[in-house]
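Read through the structure below, which is laid out as C-alpha cells, and then see the notes.
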Amino acid sequence: MKITKPSYFDTFSCIASACPDSCCKEWDVQVDEKSAEFYRSLPGSLGDDLRRHLKHEDGETVMTIVDRRCPMWRTDGLCRIQAELGEEALCKTCREFPRLTHDYGDFIERGLELSCPEAARIILSAPTAPAITEEYPGGEAEYDTDAMDVLLRTREKALAILADTSRPVNESLTLALLYGYQAQGELDGDEEQPFDADCALDSVREFVKVPEISELPDFFADLEILTEDWVQRLKNPAPMDWDDRFRNLARYFTERYWLQAVSDYDLYCRVKYMVASCILIRTLGGDLLTTAQTYSKEIENNIANVEAILDGAYSHPAFTDDKLLGLLLQN
Ligand code: SF4
C-alpha cells in the first residue's frame, strides 16, 4: 500500500478564528454513525443541543445549520464540541476537513480541499515539488489496472505540461485540454503517441473562434447555489489576468480528478471540467484566492453540481471545444 500526498499537505493547520470564511458556514455537516451515537448519549446542555440539531435524513445523520451556521460554532470561531470535549470528539467529517482521501485499494492519494481558505492559500502558493510517498504492507488493487496505468502515465504528462513555465499559463491550459483529448484516445486503446505541443497549438489557432461573451457564468447560475454572493459574482463577471497561480489551480484539479476516470473511462469530460473551472474563475475575477475558494465551496462540495458539469462538458453549448479554446487563447 502506497500513500501519496502533495509536498505541502502536512503544512496545513486550521486558522480557526482568523479564517475569513468557515467550514461551519452554509453546509449541513454529515455526521458518521459512531459520532452521532456518542453525541446523542451526552448529558447536559451540550447533549440536549446536539440531540435537537442532529437529523436523520436519507439514511445519513446530518447536523442541520441554523442562521447559515453550524449550531456548534461559537462566536470566537471555535467549535463547541472541540472546546468542551477535545478534538478527538469531532465527527469524521470535521476531523478530516479539508483533507481529501482517494482510496484505490493498493494506493491512496491524499490532498487538501480548495474550499477551505487556508488550504486554498497553500494550494495556490505552493511551489511545484515532488509528492511525498510512504509505503505500508497490504492493500489490493480495486480498479482496472490497464486503465490506471494509462491514467497515471498521462496525468504525469499533463502535470508536466502545466508546469512548463516557458509558455504563458493560458497556453499551458490550452495544451492540457488538447493533451486530454489525446489521453482519452489512449485510455480507449490507442497506441501511446508523442505530443507535439507547438504543432497542437498551431493547428487550433487556425480554427478557434473567440466567443464574444462566455456562456459559462449562465451555465453555473443554473446549478445549485449556496449563497447570494455567488449569484452576484456570476451576474457581474470582471475578468482578471491569467497569472501563474492558475498553474497551481489546474494542478490541483488534475491531481484531484484525473484518476477518477478509472471509474467510468471518461477522462475528457473531466479535463474539460478542470479547464472550464479555471476559465470561469478567471472570468469572474476579483481576488483569485477568494474566487477559487468560493468556487470550490459552491461547486466541488456538491456532487450534483459536479455531475451536472461533467454532463454539460459534452452536451452544453458553453463547453464546446472551440469556445473553451477561444476563451483560453483570447488576449
Ligand atoms: S475553512 Fe479551513 S481554516 Fe477555516 S475554519 Fe474550516 S478548516 Fe479552519
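Start at 1 and go down the list; that is how both ligands and their atoms are numbered.
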Worksheet item: Hey, is Asp21 one of the residues with a heavy atom under 4.0 angstrom from ligand 1?
Response: no
Fill in: Check: Gly285 main-chain N/O paired with Thr291 side-chain donor or acceptor under 3.5 Å
yes
Item to complete: Within a distance under 4.0 Å of any heavy atom of Pro117, pick out the atoms of ligand 1 and give their elements.
Response: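 Those qualifying, in numeric order: 1 (S).
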Worksheet item: Going from CE on Met240 to CD1 on Ile281, what distance comes out if it is rounded to the nearest 0.5 angstrom?
Response: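 Result: 7.5 Å between the selected atoms.
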Around [atom], find the nearest protein heavy atom and jot down its residue, atom name and distance.
atom	value
atom 5 (S) of ligand 1	Cys14 SG, 3.7 Å
atom 4 (Fe) of ligand 1	Cys19 SG, 2.4 Å
atom 2 (Fe) of ligand 1	Cys116 SG, 2.4 Å

Worksheet item: Which of these passes side-chain contact (heavy atoms from CB on, under 4.5 Å) with Leu234: Ile225, Asp218, Asp229?
Response: Ile225
Discussion item. Does Lys297 qualify as a cation-pi partner of Trp230, given the criterion of NZ or CZ under 6.0 Å from the six-membered ring centre and within 45 degrees of its axis?
Written reply: no
Worksheet item: Do you know the tightest heavy-atom contact between Thr61 and Arg40?
Response: CG2-NH2, 3.6 Å
Practice prompt. May I ask you to check if any N/O/S atom from Cys23 comes under 2.8 Å of atom 8 (Fe) of ligand 1?
Written response: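 No, since none of the N, O or S atoms of Cys23 sits under 2.8 Å from atom 8 (Fe) of ligand 1.
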